[in-house]
Amino acid sequence: MMIVPAAVLAIMATASQFDGNCTTNQDCHLNGDCVSGTCKCDSWWSGAPDCSVMAFSPIDKNTGYANATESSWGGLPIQDDNGTFHLFHAQVLLCHALYIRLISGQMLNHCGLGTWTQNSIVARSTSKQVEGPYTFQEMVLPSFSHNPTVRKVPGGYAIYYIGGWATSAANCSSSDSFDDKVTSLPCVQGAKVDPKDLIRVGGDYKDVPLPKDANVSACVQACCMDPECKAFSFNQPDSSGKSPGCEVPSGLSCCKLKKSQPPTQKNGCPTCTTGTVPSTGPPSPPSPPSPSGCAAKNWPKTCGENMPGPSHDTCGGGLNTGCGISVAFSTSLYGPWTHSPVVIANQWESDRLYCAHTNPSPFFLPNGSVVMAFNGGYCDDRLETIGLAYSDSWNGTWNLLNLDPILHNGDGSIHHCEDPFVWKSTRGWHLLTHNQQGPQGVSSYAFSSNAINWTLSPTTPYNCTVHYTDGTTASADGCGNRPQIIFDSNGVPQYIVNGAQAVNPSGGKGTWTLFRKLLRSE
(Lines give C-alpha, C1' and ligand atoms only; values in the text may rest on other atoms or scores of the structure.)
Protein backbone atom coordinates (compact mmCIF):
# COMPACT_ATOMS: atom_id res chain seq x y z
CA MET A 1 0.00 0.00 0.00
CA MET A 2 1.44 3.33 -1.06
CA ILE A 3 0.58 6.25 1.25
CA VAL A 4 -0.34 9.51 -0.41
CA PRO A 5 -0.76 12.05 2.40
CA ALA A 6 -1.46 14.84 -0.09
CA ALA A 7 -3.15 15.39 -3.47
CA VAL A 8 -6.14 13.41 -2.24
CA LEU A 9 -9.27 14.37 -4.15
CA ALA A 10 -11.70 11.60 -3.32
CA ILE A 11 -12.55 9.90 -0.04
CA MET A 12 -14.13 6.65 -1.13
CA ALA A 13 -15.21 4.99 2.11
CA THR A 14 -18.41 3.00 1.71
CA ALA A 15 -21.52 4.76 2.98
CA SER A 16 -23.84 3.40 5.65
CA GLN A 17 -27.37 4.61 6.31
CA PHE A 18 -28.48 6.40 9.48
CA ASP A 19 -31.77 7.99 10.49
CA GLY A 20 -31.64 11.76 10.24
CA ASN A 21 -33.13 14.79 8.54
CA CYS A 22 -31.26 16.49 5.72
CA THR A 23 -31.90 18.50 2.59
CA THR A 24 -28.35 18.84 1.21
CA ASN A 25 -24.91 17.31 1.79
CA GLN A 26 -24.13 20.33 3.95
CA ASP A 27 -26.55 18.91 6.52
CA CYS A 28 -24.35 15.80 6.52
CA HIS A 29 -21.24 17.91 7.24
CA LEU A 30 -19.94 16.97 3.75
CA ASN A 31 -19.08 13.56 5.24
CA GLY A 32 -22.00 11.76 3.60
CA ASP A 33 -24.68 12.08 0.96
CA CYS A 34 -28.19 13.32 1.69
CA VAL A 35 -30.49 10.73 0.11
CA SER A 36 -34.28 11.04 0.52
CA GLY A 37 -33.88 13.14 3.64
CA THR A 38 -31.39 10.78 5.31
CA CYS A 39 -27.61 11.13 5.63
CA LYS A 40 -25.69 8.16 4.24
CA CYS A 41 -22.43 8.69 6.09
CA ASP A 42 -18.97 7.59 5.04
CA SER A 43 -18.06 4.75 7.39
CA TRP A 44 -15.33 6.72 9.18
CA TRP A 45 -17.85 9.50 9.93
CA SER A 46 -20.65 7.16 11.01
CA GLY A 47 -20.48 8.00 14.73
CA ALA A 48 -23.59 10.22 14.51
CA PRO A 49 -26.65 10.32 12.18
CA ASP A 50 -25.57 13.68 10.72
CA CYS A 51 -22.02 12.41 9.94
CA SER A 52 -20.42 14.77 12.46
CA VAL A 53 -18.61 12.18 14.61
CA MET A 54 -15.75 9.93 13.54
CA ALA A 55 -15.86 6.15 14.00
CA PHE A 56 -12.92 3.90 14.83
CA SER A 57 -11.92 0.25 14.81
CA PRO A 58 -10.07 -1.24 17.81
CA ILE A 59 -6.27 -1.04 17.69
CA ASP A 60 -3.45 -3.21 18.95
CA LYS A 61 -1.63 -1.80 21.97
CA ASN A 62 1.64 -1.74 20.02
CA THR A 63 0.23 0.63 17.40
CA GLY A 64 1.99 3.97 16.88
CA TYR A 65 5.32 5.24 18.16
CA ALA A 66 6.41 5.39 21.79
CA ASN A 67 9.96 5.98 22.98
CA ALA A 68 10.61 4.55 26.44
CA THR A 69 12.82 7.48 27.46
CA GLU A 70 12.11 10.46 25.19
CA SER A 71 8.83 12.27 24.54
CA SER A 72 7.44 12.29 20.98
CA TRP A 73 4.53 14.27 19.53
CA GLY A 74 2.32 13.56 16.52
CA GLY A 75 3.75 12.87 13.08
CA LEU A 76 2.86 11.48 9.67
CA PRO A 77 4.34 8.46 7.83
CA ILE A 78 5.17 8.10 4.16
CA GLN A 79 6.06 4.88 2.31
CA ASP A 80 9.21 4.40 0.23
CA ASP A 81 9.56 2.30 -2.93
CA ASN A 82 10.70 -0.72 -0.89
CA GLY A 83 7.58 -0.77 1.26
CA THR A 84 9.07 0.73 4.43
CA PHE A 85 7.05 3.38 6.23
CA HIS A 86 8.97 6.43 7.49
CA LEU A 87 7.31 8.33 10.31
CA PHE A 88 8.49 11.95 10.61
CA HIS A 89 7.55 13.19 14.06
CA ALA A 90 8.53 15.68 16.73
CA GLN A 91 10.71 14.44 19.57
CA VAL A 92 11.43 16.50 22.66
CA LEU A 93 14.93 15.91 23.92
CA LEU A 94 17.41 16.65 26.59
CA CYS A 95 19.82 18.32 24.20
CA HIS A 96 21.24 18.81 20.73
CA ALA A 97 23.31 15.66 21.19
CA LEU A 98 20.27 13.36 21.26
CA TYR A 99 21.48 11.46 18.24
CA ILE A 100 24.76 10.59 19.92
CA ARG A 101 22.96 9.58 23.10
CA LEU A 102 20.50 7.31 21.29
CA ILE A 103 23.21 5.56 19.30
CA SER A 104 25.24 4.95 22.45
CA GLY A 105 22.15 3.68 24.28
CA GLN A 106 22.52 6.32 27.00
CA MET A 107 18.93 7.58 26.86
CA LEU A 108 17.56 9.60 29.77
CA ASN A 109 14.04 10.88 30.40
CA HIS A 110 14.84 14.36 31.69
CA CYS A 111 12.83 16.42 29.28
CA GLY A 112 9.11 16.46 28.49
CA LEU A 113 6.82 18.34 26.16
CA GLY A 114 6.98 21.46 28.34
CA THR A 115 10.39 22.36 26.86
CA TRP A 116 9.35 21.90 23.22
CA THR A 117 10.19 25.49 22.21
CA GLN A 118 13.85 24.78 22.99
CA ASN A 119 14.44 21.04 22.74
CA SER A 120 12.14 19.76 19.99
CA ILE A 121 13.65 18.13 16.91
CA VAL A 122 12.20 16.35 13.87
CA ALA A 123 13.03 12.66 13.95
CA ARG A 124 12.55 9.73 11.57
CA SER A 125 11.32 6.33 12.74
CA THR A 126 10.48 3.31 10.59
CA SER A 127 8.13 0.33 10.43
CA LYS A 128 7.14 -2.35 7.94
CA GLN A 129 3.47 -1.68 8.75
CA VAL A 130 1.73 1.65 8.41
CA GLU A 131 0.33 1.39 11.95
CA GLY A 132 3.71 0.53 13.50
CA PRO A 133 5.17 -0.03 15.96
CA TYR A 134 7.86 2.38 14.79
CA THR A 135 11.55 2.28 15.71
CA PHE A 136 13.66 5.44 16.02
CA GLN A 137 16.30 5.83 13.30
CA GLU A 138 17.76 9.33 13.31
CA MET A 139 17.44 13.02 14.01
CA VAL A 140 16.41 14.71 10.75
CA LEU A 141 16.22 18.39 11.76
CA PRO A 142 17.86 19.81 14.91
CA SER A 143 16.20 22.03 17.50
CA PHE A 144 14.24 24.08 17.05
CA SER A 145 11.92 22.07 14.78
CA HIS A 146 8.45 20.82 15.68
CA ASN A 147 5.17 19.36 14.39
CA PRO A 148 6.40 18.10 10.99
CA THR A 149 4.27 16.90 8.10
CA VAL A 150 5.90 15.21 5.10
CA ARG A 151 4.84 15.25 1.44
CA LYS A 152 6.11 13.79 -1.84
CA VAL A 153 7.04 16.66 -4.18
CA PRO A 154 8.62 16.82 -7.64
CA GLY A 155 12.19 15.58 -7.37
CA GLY A 156 12.00 14.47 -3.74
CA TYR A 157 10.30 15.09 -0.42
CA ALA A 158 9.29 18.15 1.59
CA ILE A 159 8.81 18.47 5.35
CA TYR A 160 6.76 21.45 6.50
CA TYR A 161 7.34 22.24 10.17
CA ILE A 162 7.51 24.89 12.89
CA GLY A 163 10.94 26.46 13.40
CA GLY A 164 14.07 26.42 11.33
CA TRP A 165 16.62 28.13 13.60
CA ALA A 166 18.93 27.01 16.37
CA THR A 167 17.86 27.27 20.01
CA SER A 168 19.85 27.13 23.21
CA ALA A 169 19.11 23.55 24.24
CA ALA A 170 21.68 22.17 26.67
CA ASN A 171 24.67 20.34 25.17
CA CYS A 172 24.57 16.97 26.94
CA SER A 173 27.75 15.82 25.26
CA SER A 174 29.54 17.86 27.94
CA SER A 175 30.13 16.64 31.49
CA ASP A 176 27.51 19.03 32.89
CA SER A 177 23.95 17.77 33.13
CA PHE A 178 20.90 19.67 31.88
CA ASP A 179 19.60 19.86 35.46
CA ASP A 180 22.85 21.50 36.59
CA LYS A 181 22.54 24.14 33.89
CA VAL A 182 18.91 24.86 34.75
CA THR A 183 19.46 25.05 38.49
CA SER A 184 22.12 27.71 37.93
CA LEU A 185 19.60 30.08 36.33
CA PRO A 186 18.90 33.22 38.41
CA CYS A 187 15.19 32.36 38.22
CA VAL A 188 15.73 29.04 39.98
CA GLN A 189 18.11 30.55 42.50
CA GLY A 190 15.52 33.21 43.36
CA ALA A 191 12.54 30.87 43.72
CA LYS A 192 10.66 30.79 47.02
CA VAL A 193 8.74 27.77 48.30
CA ASP A 194 5.78 28.48 50.57
CA PRO A 195 5.42 26.83 54.00
CA LYS A 196 3.48 23.55 53.88
CA ASP A 197 0.52 25.03 55.77
CA LEU A 198 -0.01 27.66 53.05
CA ILE A 199 -1.08 27.39 49.40
CA ARG A 200 -1.64 29.70 46.41
CA VAL A 201 -4.88 29.15 44.47
CA GLY A 202 -5.66 30.58 41.01
CA GLY A 203 -3.79 31.89 37.99
CA ASP A 204 -3.26 28.40 36.52
CA TYR A 205 -2.68 28.10 32.77
CA LYS A 206 -0.72 24.88 32.19
CA ASP A 207 -0.26 21.46 33.80
CA VAL A 208 3.21 19.94 33.32
CA PRO A 209 3.34 16.17 34.02
CA LEU A 210 6.26 15.04 36.21
CA PRO A 211 7.42 11.61 37.41
CA LYS A 212 5.73 10.31 40.57
CA ASP A 213 9.02 10.54 42.51
CA ALA A 214 9.85 14.09 41.35
CA ASN A 215 10.42 16.79 43.94
CA VAL A 216 9.49 20.46 44.11
CA SER A 217 12.75 21.52 42.45
CA ALA A 218 11.57 19.89 39.19
CA CYS A 219 8.47 22.08 39.33
CA VAL A 220 10.57 25.18 40.00
CA GLN A 221 12.67 24.36 36.93
CA ALA A 222 9.56 23.85 34.77
CA CYS A 223 8.23 27.25 35.87
CA CYS A 224 11.54 28.97 35.16
CA MET A 225 11.70 27.48 31.66
CA ASP A 226 8.36 29.11 30.77
CA PRO A 227 8.54 32.91 30.37
CA GLU A 228 4.86 33.34 31.40
CA CYS A 229 5.21 31.50 34.70
CA LYS A 230 5.29 33.58 37.90
CA ALA A 231 4.23 30.97 40.47
CA PHE A 232 3.71 27.23 40.68
CA SER A 233 1.90 24.45 42.52
CA PHE A 234 3.68 21.11 42.82
CA ASN A 235 0.93 18.50 43.25
CA GLN A 236 1.80 14.89 44.01
CA PRO A 237 -0.60 11.93 43.74
CA ASP A 238 -2.93 11.47 46.69
CA SER A 239 -4.39 8.19 47.96
CA SER A 240 -6.49 7.89 44.78
CA GLY A 241 -3.36 8.00 42.63
CA LYS A 242 -4.35 11.32 41.02
CA SER A 243 -2.58 14.64 41.46
CA PRO A 244 -5.27 17.00 42.85
CA GLY A 245 -6.62 19.51 40.33
CA CYS A 246 -4.33 18.32 37.52
CA GLU A 247 -5.11 17.01 34.07
CA VAL A 248 -2.24 14.51 33.96
CA PRO A 249 -2.32 10.70 33.83
CA SER A 250 -2.94 8.84 37.09
CA GLY A 251 0.24 8.06 38.99
CA LEU A 252 2.15 11.13 37.84
CA SER A 253 3.01 14.24 39.78
CA CYS A 254 2.05 17.60 38.31
CA CYS A 255 3.42 21.11 38.16
CA LYS A 256 0.66 23.71 37.73
CA LEU A 257 2.12 26.87 36.20
CA LYS A 258 0.54 30.18 37.19
CA LYS A 259 0.50 33.50 35.30
CA SER A 260 0.18 35.48 38.54
CA GLN A 261 1.26 35.24 42.16
CA PRO A 262 -1.99 34.74 44.11
CA PRO A 263 -1.91 35.45 47.85
CA THR A 264 -1.37 32.52 50.19
CA GLN A 265 -4.19 30.92 52.15
CA LYS A 266 -4.59 27.94 54.45
CA ASN A 267 -3.51 24.76 52.67
CA GLY A 268 -6.29 22.23 52.23
CA CYS A 269 -4.23 19.98 49.94
CA PRO A 270 -1.78 17.74 51.84
CA THR A 271 0.09 16.70 48.66
CA CYS A 272 0.42 20.23 47.21
CA THR A 273 3.35 22.65 47.56
CA THR A 274 3.29 26.15 46.07
CA GLY A 275 5.80 28.92 45.56
CA THR A 276 6.92 31.82 43.38
CA VAL A 277 9.75 32.61 41.01
CA PRO A 278 11.23 35.96 39.93
CA SER A 279 9.34 37.44 37.01
CA THR A 280 12.40 37.66 34.78
CA GLY A 281 11.99 34.16 33.25
CA PRO A 282 14.72 32.45 31.25
CA PRO A 283 17.28 34.64 29.46
CA SER A 284 16.62 35.55 25.83
CA PRO A 285 18.57 37.51 23.19
CA PRO A 286 17.96 41.25 23.20
CA SER A 287 15.09 42.42 21.02
CA PRO A 288 14.86 45.71 19.12
CA PRO A 289 13.40 48.79 20.83
CA SER A 290 9.61 48.76 20.87
CA PRO A 291 7.14 51.63 20.73
CA SER A 292 4.71 52.05 23.59
CA GLY A 293 2.24 49.18 23.87
CA CYS A 294 4.50 46.50 22.35
CA ALA A 295 5.62 43.77 24.76
CA ALA A 296 6.46 40.09 24.85
CA LYS A 297 3.68 37.95 23.28
CA ASN A 298 1.43 40.98 22.88
CA TRP A 299 2.43 42.69 19.65
CA PRO A 300 -0.32 44.68 17.93
CA LYS A 301 0.02 45.07 14.19
CA THR A 302 1.08 48.69 14.74
CA CYS A 303 4.38 47.42 16.18
CA GLY A 304 5.42 46.54 12.62
CA GLU A 305 9.18 46.29 12.14
CA ASN A 306 9.74 46.65 15.88
CA MET A 307 8.69 43.02 16.24
CA PRO A 308 11.60 40.60 16.66
CA GLY A 309 12.58 37.89 14.22
CA PRO A 310 13.99 37.85 10.71
CA SER A 311 10.53 38.55 9.26
CA HIS A 312 9.52 40.93 12.08
CA ASP A 313 6.62 38.65 13.04
CA THR A 314 7.94 37.62 16.51
CA CYS A 315 9.24 34.25 15.25
CA GLY A 316 12.86 33.23 15.63
CA GLY A 317 14.07 36.38 17.35
CA GLY A 318 14.55 34.88 20.80
CA LEU A 319 11.31 36.31 22.16
CA ASN A 320 8.98 33.66 20.75
CA THR A 321 10.94 30.69 19.40
CA GLY A 322 7.85 28.48 19.26
CA CYS A 323 6.57 29.80 15.94
CA GLY A 324 7.48 30.39 12.32
CA ILE A 325 7.09 27.90 9.45
CA SER A 326 9.89 26.37 7.38
CA VAL A 327 10.10 23.72 4.68
CA ALA A 328 12.93 21.20 4.34
CA PHE A 329 13.69 19.41 1.06
CA SER A 330 15.64 16.29 0.18
CA THR A 331 15.83 14.01 -2.83
CA SER A 332 15.77 11.08 -0.41
CA LEU A 333 13.91 10.20 2.80
CA TYR A 334 17.37 9.59 4.25
CA GLY A 335 18.50 13.18 3.64
CA PRO A 336 20.49 15.35 3.61
CA TRP A 337 17.87 18.10 4.10
CA THR A 338 18.06 21.76 3.18
CA HIS A 339 15.55 24.19 4.63
CA SER A 340 14.14 27.64 3.98
CA PRO A 341 11.51 29.81 5.68
CA VAL A 342 7.89 29.85 4.51
CA VAL A 343 6.88 33.51 4.38
CA ILE A 344 3.33 34.58 3.55
CA ALA A 345 3.86 37.58 1.28
CA ASN A 346 0.65 39.45 2.12
CA GLN A 347 0.49 38.59 5.83
CA TRP A 348 0.59 42.30 6.80
CA GLU A 349 -2.66 42.90 4.90
CA SER A 350 -4.47 40.92 7.60
CA ASP A 351 -5.37 42.44 10.96
CA ARG A 352 -5.28 39.07 12.79
CA LEU A 353 -3.05 36.70 10.79
CA TYR A 354 0.07 38.85 10.42
CA CYS A 355 2.27 37.07 12.97
CA ALA A 356 3.28 33.93 14.85
CA HIS A 357 2.55 31.38 12.12
CA THR A 358 2.74 27.72 13.20
CA ASN A 359 1.47 24.18 12.54
CA PRO A 360 1.44 24.02 8.72
CA SER A 361 -0.94 21.60 7.00
CA PRO A 362 -0.53 21.65 3.18
CA PHE A 363 -2.99 20.08 0.75
CA PHE A 364 -1.74 19.52 -2.79
CA LEU A 365 -4.08 20.08 -5.74
CA PRO A 366 -3.74 18.13 -9.05
CA ASN A 367 -1.98 21.03 -10.83
CA GLY A 368 0.75 21.18 -8.16
CA SER A 369 -0.63 24.22 -6.35
CA VAL A 370 -1.00 24.02 -2.58
CA VAL A 371 -3.52 25.24 0.00
CA MET A 372 -1.99 25.42 3.47
CA ALA A 373 -3.86 25.72 6.77
CA PHE A 374 -1.87 27.20 9.64
CA ASN A 375 -2.10 28.76 13.08
CA GLY A 376 -1.73 32.51 13.33
CA GLY A 377 -2.23 35.49 15.59
CA TYR A 378 -0.79 34.30 18.90
CA CYS A 379 1.42 37.37 19.22
CA ASP A 380 -1.71 39.56 19.23
CA ASP A 381 -3.00 39.16 22.79
CA ARG A 382 -2.49 35.38 22.61
CA LEU A 383 -5.09 34.77 19.94
CA GLU A 384 -4.72 31.32 18.38
CA THR A 385 -6.82 30.65 15.32
CA ILE A 386 -6.66 29.25 11.78
CA GLY A 387 -5.77 30.88 8.47
CA LEU A 388 -5.38 29.58 4.90
CA ALA A 389 -2.60 30.42 2.45
CA TYR A 390 -2.09 29.49 -1.20
CA SER A 391 0.93 28.89 -3.42
CA ASP A 392 1.20 27.79 -7.05
CA SER A 393 3.84 25.21 -6.04
CA TRP A 394 5.18 23.51 -2.92
CA ASN A 395 8.05 26.02 -2.63
CA GLY A 396 6.49 29.01 -4.37
CA THR A 397 5.28 32.37 -3.08
CA TRP A 398 2.57 32.14 -0.43
CA ASN A 399 -0.38 34.50 -0.04
CA LEU A 400 -3.35 34.47 2.30
CA LEU A 401 -6.38 32.87 0.65
CA ASN A 402 -8.57 34.85 3.05
CA LEU A 403 -7.34 37.88 4.98
CA ASP A 404 -9.46 36.91 7.99
CA PRO A 405 -9.40 33.80 10.19
CA ILE A 406 -11.65 31.15 8.68
CA LEU A 407 -13.39 29.85 11.82
CA HIS A 408 -15.95 31.80 13.85
CA ASN A 409 -18.22 31.06 16.78
CA GLY A 410 -22.00 31.43 16.65
CA ASP A 411 -21.73 35.02 17.93
CA GLY A 412 -19.30 35.94 15.13
CA SER A 413 -16.20 36.00 17.33
CA ILE A 414 -12.99 34.33 16.17
CA HIS A 415 -12.82 30.71 17.24
CA HIS A 416 -9.75 29.75 19.30
CA CYS A 417 -8.04 26.53 18.23
CA GLU A 418 -4.73 25.21 16.90
CA ASP A 419 -3.09 22.32 15.01
CA PRO A 420 -5.14 22.32 11.78
CA PHE A 421 -5.30 19.44 9.33
CA VAL A 422 -6.96 20.30 6.02
CA TRP A 423 -8.01 18.04 3.14
CA LYS A 424 -10.38 17.98 0.16
CA SER A 425 -12.90 15.34 -0.91
CA THR A 426 -15.30 15.18 -3.84
CA ARG A 427 -17.88 16.97 -1.67
CA GLY A 428 -15.68 19.84 -0.50
CA TRP A 429 -13.09 20.92 2.04
CA HIS A 430 -12.60 19.59 5.56
CA LEU A 431 -10.66 20.74 8.61
CA LEU A 432 -9.79 19.15 11.96
CA THR A 433 -8.21 21.15 14.79
CA HIS A 434 -7.18 20.83 18.41
CA ASN A 435 -10.01 22.75 20.01
CA GLN A 436 -9.50 25.43 22.70
CA GLN A 437 -12.93 27.05 23.04
CA GLY A 438 -16.63 26.25 23.00
CA PRO A 439 -18.69 23.07 23.27
CA GLN A 440 -16.56 20.97 20.92
CA GLY A 441 -14.23 19.58 23.61
CA VAL A 442 -10.73 18.35 22.70
CA SER A 443 -11.26 18.45 18.93
CA SER A 444 -13.24 20.46 16.42
CA TYR A 445 -14.32 20.03 12.80
CA ALA A 446 -15.27 22.49 10.06
CA PHE A 447 -16.25 22.15 6.40
CA SER A 448 -16.56 24.30 3.30
CA SER A 449 -17.63 23.97 -0.32
CA ASN A 450 -15.05 26.49 -1.55
CA ALA A 451 -12.31 26.82 1.14
CA ILE A 452 -13.43 30.44 1.71
CA ASN A 453 -16.66 30.19 3.69
CA TRP A 454 -16.47 27.66 6.52
CA THR A 455 -19.05 26.11 8.84
CA LEU A 456 -17.82 25.17 12.33
CA SER A 457 -19.59 22.12 13.72
CA PRO A 458 -20.71 22.39 17.37
CA THR A 459 -20.10 18.65 17.80
CA THR A 460 -16.89 17.02 19.04
CA PRO A 461 -15.66 14.93 16.08
CA TYR A 462 -13.68 12.53 18.31
CA ASN A 463 -12.80 12.10 21.97
CA CYS A 464 -9.82 10.54 23.74
CA THR A 465 -11.20 7.07 24.44
CA VAL A 466 -9.04 4.42 22.79
CA HIS A 467 -10.48 0.95 22.12
CA TYR A 468 -8.07 -1.98 21.98
CA THR A 469 -8.36 -5.31 20.20
CA ASP A 470 -8.23 -7.13 23.56
CA GLY A 471 -11.54 -5.49 24.54
CA THR A 472 -10.10 -2.93 26.97
CA THR A 473 -10.30 0.84 26.71
CA ALA A 474 -8.20 3.75 27.97
CA SER A 475 -8.12 7.54 27.82
CA ALA A 476 -5.35 9.10 25.74
CA ASP A 477 -5.20 12.53 27.38
CA GLY A 478 -4.35 15.37 24.99
CA CYS A 479 -5.49 13.35 21.95
CA GLY A 480 -6.86 16.44 20.17
CA ASN A 481 -3.34 17.70 19.51
CA ARG A 482 -1.79 17.81 16.03
CA PRO A 483 -4.30 15.63 14.12
CA GLN A 484 -3.13 14.21 10.79
CA ILE A 485 -4.91 11.65 8.62
CA ILE A 486 -3.18 8.86 6.67
CA PHE A 487 -4.79 8.11 3.30
CA ASP A 488 -3.93 5.13 1.11
CA SER A 489 -3.13 5.34 -2.60
CA ASN A 490 -6.85 5.28 -3.47
CA GLY A 491 -7.65 8.21 -1.20
CA VAL A 492 -9.26 6.03 1.47
CA PRO A 493 -8.55 7.22 5.04
CA GLN A 494 -6.69 4.68 7.17
CA TYR A 495 -5.61 6.20 10.48
CA ILE A 496 -5.69 9.44 12.42
CA VAL A 497 -2.42 10.36 14.15
CA ASN A 498 -2.23 12.63 17.22
CA GLY A 499 0.06 13.59 20.06
CA ALA A 500 -1.06 12.03 23.35
CA GLN A 501 -0.08 12.10 27.00
CA ALA A 502 -1.32 8.80 28.41
CA VAL A 503 -1.97 5.07 27.74
CA ASN A 504 1.50 4.77 26.26
CA PRO A 505 1.39 1.28 24.68
CA SER A 506 5.01 0.45 25.53
CA GLY A 507 4.79 1.53 29.15
CA GLY A 508 7.28 4.34 28.60
CA LYS A 509 7.19 7.77 30.12
CA GLY A 510 6.29 11.08 28.53
CA THR A 511 4.14 11.94 25.53
CA TRP A 512 3.89 9.71 22.47
CA THR A 513 2.48 9.39 18.95
CA LEU A 514 -1.02 7.87 18.89
CA PHE A 515 -2.40 6.01 15.85
CA ARG A 516 -6.13 5.17 15.73
CA LYS A 517 -7.69 3.09 12.98
CA LEU A 518 -10.60 4.72 11.18
CA LEU A 519 -13.65 2.55 10.57
CA ARG A 520 -13.88 1.14 7.05
CA SER A 521 -16.56 -0.92 5.35
CA GLU A 522 -14.84 -3.89 3.74
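Predicted model only: the values in this text are computed from it and were never measured. We're numbering straight along the sequence, starting at 1.
Within the 3.5 Å criterion, the main-chain N or O of Phe329 finds no donor-acceptor partner in the side chain of Asn395. For Gln484 (side chain) and Pro148 (main-chain N/O), a donor-acceptor pair under 3.5 Å exists by modelled atom type. Listed for the Ser145 side chain is a donor-acceptor partner under 3.5 Å among the backbone atoms of Leu141. No side-chain donor-acceptor contact under 3.5 Å links Thr459 to the backbone of Pro461. Side chain of Asn235 to backbone of Pro244: a donor-acceptor contact under 3.5 angstrom is found. In this structure, the side chain of Ser326 engages the main chain of Gly163 through a donor-acceptor pair within 3.5 Å. Remark: the backbone N or O of Ala90 is not paired with any side-chain donor or acceptor of Ser120 at under 3.5 angstrom.
Ring centroids of Tyr134 and Phe515 are separated by less than 6.0 Å, placing the two rings close together. Between Tyr65 and His89, the ring centre distance stays below 6.0 Å. Centroid-to-centroid, the aromatic rings of Tyr160 and Trp394 stay 6.0 Å apart or farther.
Looking only at atom types and distance, the side chain of Thr126 has a donor-acceptor partner in the side chain of Gln137 under 3.5 Å away. Under the 3.5 Å distance criterion, with hydrogens and angles disregarded, no donor-acceptor pair is assigned to the side chains of Ser233 and Thr274. Judged by distance alone, the side chains of Asn481 and Asn498 never bring a donor and an acceptor atom under 3.5 Å apart. For Thr513 and Ser72, the side-chain atoms include at least one donor-acceptor pair closer than 3.5 Å. Counting only N and O atoms by type, the side chains of His415 and Asn435 include a donor and acceptor under 3.5 Å apart.
Electrostatic pairing of Asp404 and Arg352 does not count as a salt bridge here, judged by no charged N lying under 4.0 Å from a carboxylate O. In summary, Lys301 and Asp351 engage in a salt bridge, as defined by a charged side-chain N under 4.0 Å from a carboxylate O. Ionic pairing of Asp207 and Lys256 is present here: one or more N-O contacts between side-chain nitrogen and carboxylate oxygen are shorter than 4.0 angstrom.
Disulfide status for Cys229 with Cys224: absent, SG atoms not under 2.5 Å apart. Under the 2.5 Å SG-SG cutoff, Cys219 and Cys255 qualify as a close cysteine pair.
A distance of 9.5 Å separates CD1 in Ile159 from OG1 in Thr149, rounded to the nearest 0.5 Å.
The aromatic rings of Tyr354 and Trp348 sit parallel to each other, their planes meeting at less than 30°, with 60° as the upper class boundary.
Heavy-atom neighbours of Glu247 CD from other residues, nucleotides or ligands within 6.0 Å: at or below the threshold of 12.
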- [ ] May I have the step-by-step check of salt bridge (Lys or Arg N to Asp or Glu O under 4.0 Å) for Arg200 and Asp194, ending in yes or no?
- [x] CA-CA 9 Å; Arg200 297 175 189 268; Asp194 299 321; 2.8 Å; yes
- [ ] List the steps, then state whether salt bridge (Lys or Arg N to Asp or Glu O under 4.0 Å) holds for Asp204 with Lys258.
- [x] CA-CA 4 Å; Asp204 305 326; Lys258 300 174 180 288; 2.6 Å; yes
